[in-house]
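First the structure, in the form of structure tokens, and then the observations on it.
Computed from a prediction, not measured in an experiment: that's the story for all the values here. Just follow the structure's listing: the first ligand is 1, and inside any ligand the first atom is 1.
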Amino acid sequence: MIGVYDSGAGGLSVWRELVRLMPEEDYLYVGDNAFCPYGEKPQEVIQERAEAVSRFLIGKGADVIVIACNTATAAAIDLLRTRYPQMPFVGMEPAIKPAALSSKSGVVGVLATANTLRAEKYHNTLERFASGVKVIERVGEGLVEAVENGTDATPLLKKYLSPMLEAGADAIVLGCTHYPFLEERIKALTGPSVRIVNPAPAVARHTRTVLSALTRNDLPSGRSVFYSTGTADALRRLSSLEIPSLEDGSWHPYLQL
Ligand code: DGL
């Protein structure tokens, strides 16, 4: 079984790519909605939550855990790998490299949470891959909540994308897994000449590679089950957009961790 974890429903943008690539696998998704958003929370809190969720997923028999959250990856993946050395973890990070490589204008925008943008991991990535381009960053304050609640994010997106577009950005990195759910709105604001970079398909392919190296005994049945530490409303709404035939009983709210 593939465990998938996010602060809330954003990780479903990774789950849907995993399901597209490996529909035969079983998925157990945990949205930590009781603690969402993670974007401004202290690192220790995110680490505790990531550990609690990982313990739960390991107890349920996960073969691999996908941390489908840039903020949790930046705050906790190194710690998780130390705590659970037998468990393969796949993480997210803003896709600076493909954006920088494809940019013709030499200007790239990055939209992410405050914690992701201040993390050491992100700064290392910038150093490695963005030396030849100008990077314009914006914290997407309020966007996670807009995705969770299904409210209109356009005014916020206008505010965050304008400085990128004015500076000539021709690639915009979605550095938070909630933002792909806003991709249509983002495209409407940027126009077709700007590339929107979402790393989820690459993360799904990497997960398949990790899985193929493991020996597994159980035959999967192609089922997805969703747990939330809060209400499961956003998980139900966004997962049903992808697979309308999901059975009732797939969503479990108020998981105590
Ligand atoms: N989906 C999370 C990410 O990728 C959102 C973080 C949050 O809860 O603020 O960063």
Taking the side chain from N115 and the backbone from T71, do they hold a donor-acceptor pair closer than 3.5 Å? no

So if you build clusters from Ile, Leu, Val, Met, Phe, Trp, Tyr with side-chain heavy-atom gaps below 4.5 Å, do V194 and V135 land together? no

Side chain, backbone, both or neither: which part of P37 has a heavy atom under 4.0 Å from ligand 1? both

List every atom of ligand 1 that sits less than 4.0 Å from any heavy atom of D6, numbering the atoms from 1 in the order shown and giving each element. 1 (N), 2 (C)

Show the numbers, then the answer: is there a side chain to side chain donor-acceptor pair (under 3.5 Å) between N149 and T151? CA-CA 6 Å; N149 303 326; T151 54; 5.2 Å; no

Suppose I only count heavy atoms of T113 and a 4.0 Å limit; which atoms of ligand 1 are within that range? 6 (C), 9 (O), 10 (O)

Give the atom numbers and elements of ligand 1 that come within less than 4.0 Å of a heavy atom of H178. 1 (N), 2 (C), 5 (C)

For ligand 1 and N70, I'd like to know whether there is a polar contact (N/O to N/O, distance under 3.5 Å). yes

Compare all side-chain heavy atoms of Y84 with those of S54 and state whether any distance is below 4.5 angstrom. yes

Indicate yes or no: does an N/O atom of G39 lie under 3.5 Å from an N/O atom of ligand 1? yes

Could you tell me if R81 sits above the aromatic ring of F89, with its cationic atom closer than 6.0 Å to the ring centre and no more than 45 degrees from the axis? no

Chi angles and distances behind the salt bridge (charged side-chain N to carboxylate O under 4.0 Å, His left out) call for R205, E17: CA-CA 9 Å; R205 289 193 297 276; E17 300 298 339; over 6 Å; no

At under 4.0 Å between heavy atoms, is it the side chain or the backbone of T177 that contacts ligand 1, or both, or neither? both

Under 6.0 Å between the ring centres of F56 and Y227? yes

Contacting atoms of ligand 1, where contact means under 4.0 angstrom from a heavy atom of Y38: 7 (C), 8 (O), 9 (O)

Return the residue, atom name and 0.1 Å-rounded distance of the protein heavy atom closest to atom 6 (C) of ligand 1. T71 OG1, 3.4 Å

Please classify the V144 to ligand 1 contact at 4.0 Å (heavy-atom distances, strictly less than): side chain, backbone, both or neither. side chain

Could you tell me if any non-hydrogen atom of G8 lies under 4.0 Å from any atom of ligand 1? no

For the residue pair R16 and F181, would you count it as a cation-pi contact if the rule is NZ or CZ under 6.0 angstrom from the ring centre and within 45 degrees of the ring axis? yes

